[in-house]
Amino acid sequence: MMTTKIFVCPVVIPAKSPVAFMILFALLMFLMLTDSIVSNISLESAAFTQKEDSQSLQTLTVTRNIKSDVVLPLSLTVSTKNNIVDGNSEHQNSLVSSLGVREKHGIGKFRRKLPEHEIFMSDELTKKFHGRVLEFFNRGCEVHFFMTWISKVASFGRREILAAESVFKSHPNGCLMILSRTMDSVQGYRILKPLLDLGFKVIAVAPDFPFLVKNTPAEAWLDDMKSGKKDPGVIPLAQNLSNLMRLVVLYKYGGVYLDTDFIVMRSFKGLKNTIGAQSIDVVSKNWTRLNNAVLVFDMKHPLVLKFIEEFALTFDGNKWGHNGPYMVSRVVRRVEGRPGYNFTILPPMAFYPVDWIKIGGLFKMPKDRAGSRWIEVKVQQLKRQTYGVHLWNKQSSKLVVEEGSVMERLMAQNCVSCKHIYSS
């Protein structure tokens, strides 16, 4: 008798038995096949898990891209093909919550430090910022205007030039400062030179951002951002930096802040500590939403300080408008009527006479006599009742100004050099 051990289980095999040999061979083949099947199942399971994780990461990436690229004014809803995107939807909130859960469990947790953004950089140019501001506005300025530009200098196009021109059309003795590192350059000077040649006071100045936030609630916010303690979020950082910069520059110097897609139509000289409503309740006539595209405030005004405080304490880089229009609305709703906060809220007709959904109608040419009459009435209404028109650049930047449209009339009436003003 011959004994062979397989997995420690004794099997007795008669010597030289072909039947026993065949049984042993079949058993060995069965064990090898079983091991192969188990291995394949494990590999397929691992591949499936990897694919699932890959799809999960892909979904997260797509979500972040959508939230970064889609800009929805306030809480209004816009339809994109067959998908409804809501700036305040539960779906978006659930996506943000999902990100929060993943961060809580260490998946995709924000660990990196904020990349050194150009606007945070300090050099010999930014160190001269405060002195340049004081020198520039000490030139008999009727009104002090500020704009911000945190984009490439080449992106400062005809629409932005028209906005600057409109400032001087209504304020020939006004002063306009554009806070921008990119525009404070030889190329930026060439862009502004036609206005300088006409004798207007305009300048682009590289801002000293740490100086602007110093001794304000935003100073700690900036430190947290730079050290990596605070997540900048998926909204483009430049957008939120612009939201903050307009506040700190008004708090430290006072004046008028304007977005670069705003056409000025009337003098701001009589305005003081003013913010504009974007929408009102049709029944009560009370404001329902404010906007920060136009701000008029004295230096160190308490409401502006509250804006800065709210920005720093409640910053959320994953929600469009949370640190801008929604933020000023939240603060004003809390302090309105309280002593010590003296400010005026103007109706939508003052700064936002055309809703962002309807802005395209101002670019269209009349199709008949009724259309021509409507355009004439609209132009006259705007001239009488508004300080300017916000163009909602995200919706209108690619629109062509058609002949005979309201926009053609407004541009012709509010430009000063009037070169290439009809191109978008």
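All figures in this text were calculated on a predicted structure; none of them were measured in a lab.
- Contact of the Leu382 side chain with the Met349 side chain is registered, since non-hydrogen atoms from C-beta on lie closer than 4.5 Å.
- The shortest heavy-atom contact between Pro217 and Leu305 is CD-CD1, 3.8 Å.
- With Asn318 contributing its side chain and Val234 its backbone, the two residues share a donor-acceptor pair below 3.5 Å.
- Between the side chain of Thr148 and the main chain of Ser242, no donor-acceptor pair closer than 3.5 Å is present.
- Ring geometry for Phe137 against Phe146 counts as perpendicular: the plane angle is over 60°, on a 0 to 90° scale with 30° as the lower cut.
- Panel note: side chain Arg139, backbone Cys175; no donor-acceptor pair is recorded below 3.5 Å.
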| query | Should Ile161 and Phe156 be marked as a side chain to side chain contact (heavy atoms under 4.5 Å, CB included) after you check the CA-CA gap, both sets of side-chain angles, and the distance that decides it? | reply | CA-CA 7 Å; Ile161 293 170; Phe156 198 92; 4.0 Å; yes
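- Side-chain rings of Phe145 and Phe168 stay apart, their centers remaining 6.0 Å or farther from each other.
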**Prompt:** Would Gln239 and Trp320 count as a side chain to side chain contact (heavy atoms under 4.5 Å, CB included) if you check the C-alpha gap in whole Å, the side-chain angles of each, and the deciding distance to 0.1 Å?
**Reply:** CA-CA 9 Å; Gln239 181 175 319; Trp320 188 95; 2.9 Å; yes
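- Taking the side chain as every heavy atom from C-beta outward, Arg289 and Tyr352 never approach each other to under 4.5 Å.
- Dense packing is recorded around CZ of Arg333, with more than 12 heavy atoms of other residues, nucleotides or ligands lying under 6.0 Å away.
- Counting only N and O atoms by type, the side chains of Thr288 and Ser279 include a donor and acceptor under 3.5 Å apart.
- Aromatic ring centres of His144 and Phe136: separated by at least 6.0 Å.
- With a 6.0 Å radius and a threshold of 12 heavy atoms from other residues, nucleotides or ligands, Lys364 has its NZ atom at or below the threshold.
- Under the 4.5 Å side-chain criterion, counting only non-hydrogen atoms from C-beta, Asn291 is not in contact with Val328.
- Considering CE of Met407 and CD1 of Ile375, their distance stands at 12.0 Å, rounded to 0.5 Å.
- Between Leu271 and Leu346 the shortest heavy-atom distance is CD2-CD1, 4.0 Å.
- At distances below 3.5 Å, at least one donor-acceptor pair connects side-chain atoms of Glu219 with backbone N or O atoms of Asn215.
- Taking every heavy atom of both residues into account, Tyr257 and Met147 meet most closely at CE1-CA, 4.1 Å.
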| request: Begin with the C-alpha distance, continue with both residues' side-chain angles, and end with the deciding distance and a verdict on side chain to side chain contact (heavy atoms under 4.5 Å, CB included) for Phe343 and Val335. | output: CA-CA 11 Å; Phe343 59 92; Val335 306; 4.3 Å; yes
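- Using a 4.5 Å heavy-atom cutoff, the side chains of Lys383 and Gln413 are in contact.
- The distance from atom CD1 of Ile280 to atom CG of Leu290, rounded to the nearest 0.5 Å, is 12.0 Å.
- A 4.5 Å side-chain heavy-atom check between Leu192 and Ile178 finds at least one atom pair inside the cut-off.
- The line from CG of Leu362 to OG of Ser405 is 8.0 Å long, rounded to the nearest 0.5 Å.
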(request) Evaluate the criterion ring-ring contact (aromatic ring centres under 6.0 Å, His included) for residue pair Phe200 and His171; output intermediate values, then yes/no. (result) CA-CA 9 Å; Phe200 297 118; His171 309 82; over 10 Å; no
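- Crowding of Glu135 atom CD: a count of heavy atoms from other residues, nucleotides or ligands under 6.0 Å not exceeding 12.
- A salt bridge between Lys128 and Asp184 is absent, with no side-chain N of the basic residue lying under 4.0 Å from a carboxylate O of the acidic one.
- Atoms CG and CE, on Asp316 and Met327 in that order, are 13.0 Å from each other to the nearest 0.5 Å.
- Residue His301 comes nearest to Leu303 through the heavy atom pair ND1-N, 3.0 Å, listed as atom of the first residue, atom of the second, then distance.
- Looking only at distances, no side-chain donor or acceptor of Gln380 sits under 3.5 Å from a matching main-chain atom of Val377.
- The shortest non-hydrogen separation linking Ile359 to Trp356 is CG2-O, 3.3 Å.
- Under 4.0 Å is where a charged nitrogen must lie from a carboxylate oxygen, and between Glu309 and Lys306 at least one such pair does.
- Put simply, the side chain of Glu165 gets close to the backbone of Val416: a donor and an acceptor are under 3.5 Å apart.
- Atom CG in Leu212 sits 10.5 Å away from atom NE2 in His130 (nearest 0.5 Å).
- Side chains of Glu142 and Asn173: no donor on one and acceptor on the other come within 3.5 Å.
- Annotation: Phe307 is not in aromatic contact with Phe311 [ring centroid separation under 6.0 Å not met].
- A distance of 13.0 Å separates CZ of Phe297 from OH of Tyr251, quoted to the nearest 0.5 Å.
- In this structure, Val294 and Asp259 have side chains that are not in contact, with every pair of non-hydrogen atoms separated by 4.5 Å or more.
- A donor-acceptor contact shorter than 3.5 Å is absent between the side chain of Ser166 and the backbone of Ile263.
- For the pair Thr386 (side chain) and Ala350 (backbone), a donor-acceptor distance under 3.5 Å is present.
- Here the side chains of Val213 and Trp221 are not in contact, with every heavy-atom distance at 4.5 Å or above.
- Between Thr126 and Phe209, the closest side-chain pair of non-hydrogen atoms is not below 4.5 Å.
- For Asn323 and Asn243, the side-chain atoms include no donor-acceptor pair closer than 3.5 Å.
- Using a 3.5 Å distance cut-off with no hydrogens or angles, the side chains of Asn273 and Asp298 do pair a donor with an acceptor.
- The heavy-atom pair separating Leu176 from Ala164 by the smallest distance is CD2-CB, 3.8 Å.
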ask   = What do the steps show when you test Lys127 against Glu124 for salt bridge (Lys or Arg N to Asp or Glu O under 4.0 Å), and what is the final call?
value = CA-CA 5 Å; Lys127 290 177 182 178; Glu124 293 303 316; 3.7 Å; yes
**Step-by-step side chain to side chain contact (heavy atoms under 4.5 Å, CB included) determination, Ser417 to Leu195** = CA-CA 8 Å; Ser417 65; Leu195 288 172; 5.5 Å; no
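- In terms of modelled atom types and a separation under 3.5 Å, the side chain of Ser170 and the main chain of Val167 share no donor-acceptor contact.
- At distances below 3.5 Å, not a single donor-acceptor pair connects side-chain atoms of Ser397 with backbone N or O atoms of Lys394.
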